[in-house]
Structures are given as C-alpha cells and as structure tokens.
Amino acid sequence: MLFPLLLSLVVCTAASFTFPTRLVFQSPTGLFLENLAVRPNGKLLITSPLSTTLHTLDPTVENPTFDEVYTFPNVTLFGIAEVQPDVYGIIAFMVNATTVSAVPGTLAIWRVDLSSGGPPVVNKAADVPDGVFLDGLSTVPGDPDLVLAADTIAGLVWQINLRTGVVRVAAQDEAFAAGAPAPAFGINGLHVRGGDLYFTNSQKKTFSRVPISVRGGNVGQTGPVQVLGSANGTNTFDDFAFDAEGRVWVATASNTFTLFFPPAQGNGMLGQLNAPGNPVEFDSPTSAAFGRGGVAQQHTLYVTTMTGQLIAVDTTGIHV
Ligand SMILES: *[C@@H]1O[C@H](CO)[C@@H](O)[C@H](O)[C@H]1NC(C)=O
Ligand SMILES: *[C@@H]1O[C@H](CO)[C@@H](O)[C@H](O)[C@H]1NC(C)=O
Ligand SMILES: *[C@@H]1O[C@H](CO)[C@@H](O)[C@H](O)[C@H]1NC(C)=O
C-alpha cells in the first residue's frame, strides 16, 4: 500500500505556466497545420489535411518560407514520424468530408527518405485498406520497420510494417473509441515510450497510457489502460510531445497546452500553459515537437495550429 500512497502524495495541484512564445510563421491562407517532425538538421516537416504537399520550414531564420518538399497524388497528409535518421513515415489519404472517412483505396503510409541530402525519395510503403481515418503516427522503439497509427474514427491502433507492407490491428480497446455517435474522433495522438503507449482521445477528453510489448515483430497490449488526466469544458486533447525530462506537452484545443509528468511522478497533471499576456496565443493547437540542435533548440517547443500558426515556445524556465 505504500506505493499508491506515495503516488497520491506527489500529484500536485494544477498550476498555470507562462513561457515566452514567438510566432515563427503564419500561413497567409490560414492553412490547417496538422502534424510536424523535426529533422536532424533542425528544419521542420509539416503536414496539412487540406494540402497534398509536405512542407518544410527553417524555424531558426528570420521570416522563414514555407517550402514544398513533395506533393502527393490526390491525398492529403496527417501524422508524420521519423522512423530512421531523416526517413519519415506519413499517413496520407483522400478524405471524404461527407462520411469523414478515407475514400476507399486511397489510405496508405508513405515513406519519405531525405537522408541522402538530395531530392526526396518517396514511395508508398503500405496500403491500409480497412483503415477509416488515420490521424496520429508513432514509431516503435527497437523496431525501425514498425509504426503504429491511430484510427480515430474506428477507435483502434493499426500496426504497419514499412518494409513488408503487412498491416494488422495492434490493439483495440474501449479507451480508443470515441464512445459517441459517428463520426466522432476517438484516439488521436499516440507515442510509444518506455514500454507504454501514450495516447489522447479527443471525444473522451482523456490522456492515457497502456502497457505494450513487441514480440516477434508484433505489438500487443499487455495490461489495462490507465487514464492520466482529462480535459475540462470545451477543451480537447490532440497530439503531444515528450520533453527531455519526460514531461508531456499535450496540445489542447481551443487555446492551451496541458502538462503531465506521468513516468516519474505518478499520474501528476502539472498544469496548463496559457501564456496570458503573451503577444502570441495558440489558436487551436494540433501538435508539438521539440527542436533539435543546440540546447536552446532542445528547449523550444514548436507548435502547429488549425489556423496556420507555427509557434515557438521557449520552455527553458520550467522547473517542475
Ligand atoms: C486525382 O483525382 C482526380 C479527380 O478524382 C482524377 O481525375 C485524377 O486522375 C487523380 N489524379 C491522380 C494522380 O490520381
Ligand atoms: C463520399 O461519400 C458520399 C456518401 O457516401 C458519396 O456519395 C461520395 O461519392 C463519396 N465521395 C468520394 C470522393 O468517394
Ligand atoms: C479539470 O478540472 C478539475 C477539477 O477542477 C481539475 O482538478 C483538473 O486539473 C482539470 N483538468 C485540466 C486538464 O485542466
């Protein structure tokens, strides 16, 4: 009984954090920005569910431009994850806005290889014919061939082998389902860390984790889902990023971030990032990723929003 008691003692009261924020880029058309990956060279790769083009932006220069990396045939872009150094998996499909699902035959995971330094080498790694609406994408530490994709409408997690093209359901749990009449968005962002799959569920407003194992090239759920926190009111959780200390920064629509510290500190929700008084405020944040390069970059959280903002948050001041 000592262990649970200790956990309950370290759960702290929710606090409010304010950090310097800077608008790095604003899409002139207000393009909905969905997800991002940070390249080893520090440049960002950015997807949009309303664009067939994968874009790049250098967040370290004044007035960065939003440049084309590659334009896909008739499909728009969702989750992106770096599967090997400077090689990315990307979810792409044609959205049927009426049914809020992928047009049959269009849903696939593509592989974008930028590691040569030359033009991108792009190929379709796997079709996901039974996928409904894939959103977040995660790597699987220890198996560079595998990715996990959140099917937000079907409410399950797909496993895709980018080398063999084999697709299977890795996990199905009530905690992934929206639990509301379709179309509703359930599991959204997901990331594997330290033997757990962490995920958000938009409709249920939860941030949770579930233990998984990787055996024989397959991911499986090995225990019950643990809910780590919930969003209140009209807030909903989207994608999230781990920082170097293991804190989790969850993009929270409509205008904030929610901080958690699950691994080391029990289930503690640390608080919300409101940045009141900052010249820049988050307008419907969708995802976030920490910079790469020097120490300053590693403490910079890059945020995408539905309204076309790319915002840099200097998190150096966090001491919890
Ligand atoms: C894209 O979709 C349009 C309309 O459905 C079709 O005419 C065109 O051939 C498609 N292009 C490709 C490259 O699939
Ligand atoms: C989208 O779904 C509607 C309703 O089922 C259907 O009528 C329409 O043809 C679909 N559009 C595409 C592009 O598949
Ligand atoms: C939601 O509200 C409860 C009760 O006021 C609070 O304890 C919790 O921290 C809030 N969660 C978030 C994500 O703000």
Side-chain angles (χ1 to χ4, degrees), residues 27-36 45-55 66 68-81 88-112 120 122-138 147-162 165-174 176-190 199-204 236-239 253-254 284 286-287 304-308:
S27 160
T29 60
L31 182 67
F32 186 129
L33 306 179
E34 169 68 15
N35 211 230
L36 79 167
L45 297 172
I46 302 173
T47 68
S48 168
L50 298 178
S51 172
T52 57
T53 300
L54 176 66
H55 286 96
F66 193 55
E68 171 179 351
V69 175
Y70 186 81
T71 294
F72 292 77
N74 273 355
V75 287
T76 63
L77 310 177
F78 296 83
I80 179 168
Y88 305 85
I90 300 180
I91 296 169
F93 55 96
M94 188 192 285
V95 179
N96 186 327
T98 309
T99 57
V100 194
S101 60
V103 173
T106 66
L107 179 47
I109 311 295
W110 293 69
R111 193 173 180 277
V112 175
V122 180
N123 69 285
K124 193 199 271 188
D127 285 304
V128 188
D130 297 322
V132 180
F133 194 113
L134 270 51
D135 196 321
L137 190 70
S138 175
V147 290
L148 298 179
D151 196 327
T152 187
I153 298 285
L156 52 83
V157 176
W158 293 98
Q159 170 190 313
I160 299 104
N161 187 310
L162 299 180
V166 171
V167 174
R168 62 183 278 277
V169 174
Q172 198 157 13
D173 192 291
E174 195 44 42
F176 304 145
F185 295 92
I187 184 169
N188 188 326
L190 83 175
F199 63 94
T200 56
N201 182 316
S202 295
Q203 181 71 36
K204 287 186 173 152
T236 52
F237 292 153
D238 201 324
D239 202 3
S254 61
S284 304
T286 50
S287 68
T304 54
T305 75
M306 292 181 202
T307 54

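FYI, side chains are in, hydrogens and waters are out, and symmetry mates aren't considered; it's all heavy atoms of this structure. Everything numeric here is computed off the predicted structure, so don't read it as measured data. In what follows, residues are counted from 1 in the order of the sequence shown. One-based numbering, in listed order, for ligands and for the atoms of each.
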Provide the number and element of each atom of ligand 2 under 4.0 Å from a heavy atom of T99.
->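 Under 4.0 Å from T99, ligand 2 has these atoms: 2 (O), 4 (C), 5 (O).
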
Please report which non-hydrogen protein atom sits nearest to atom 13 (C) of ligand 2, along with the residue it belongs to and the distance in Å to one decimal place.
->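 Checking every protein heavy atom, the shortest distance to atom 13 (C) of ligand 2 gives V103 CG2, 3.9 Å.
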
- Task: Could you tell me whether atom 2 (O) of ligand 2 has a protein heavy atom closer than 4.0 Å?
- Result: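 Yes, at least one protein heavy atom sits under 4.0 Å from atom 2 (O) of ligand 2.
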
Let me know which of I91, V95, T106 forms a side chain to side chain contact (heavy atoms under 4.5 Å, CB included) with T76.
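One option only clears the test, and that one is V95.
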
- Query: Have T71 and T53 got a donor and an acceptor in their side chains that come within less than 3.5 Å?
  - Reply: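 A donor-acceptor contact under 3.5 Å links the two side chains.
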
For T286 and T304, test the side chains for any donor-to-acceptor distance below 3.5 angstrom and give the result as yes or no.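 T286 vs T304: donor-acceptor pair found between side chains.
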
Minimum non-hydrogen distance to atom 6 (C) of ligand 2, winning option of N96, V100, V95: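 Selected option, by shortest heavy-atom distance: N96.
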
Taking the side chain as C-beta and beyond, is there a heavy-atom pair between Y70 and V112 under 4.5 Å?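 Not touching, per the 4.5 Å side-chain cut-off.
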
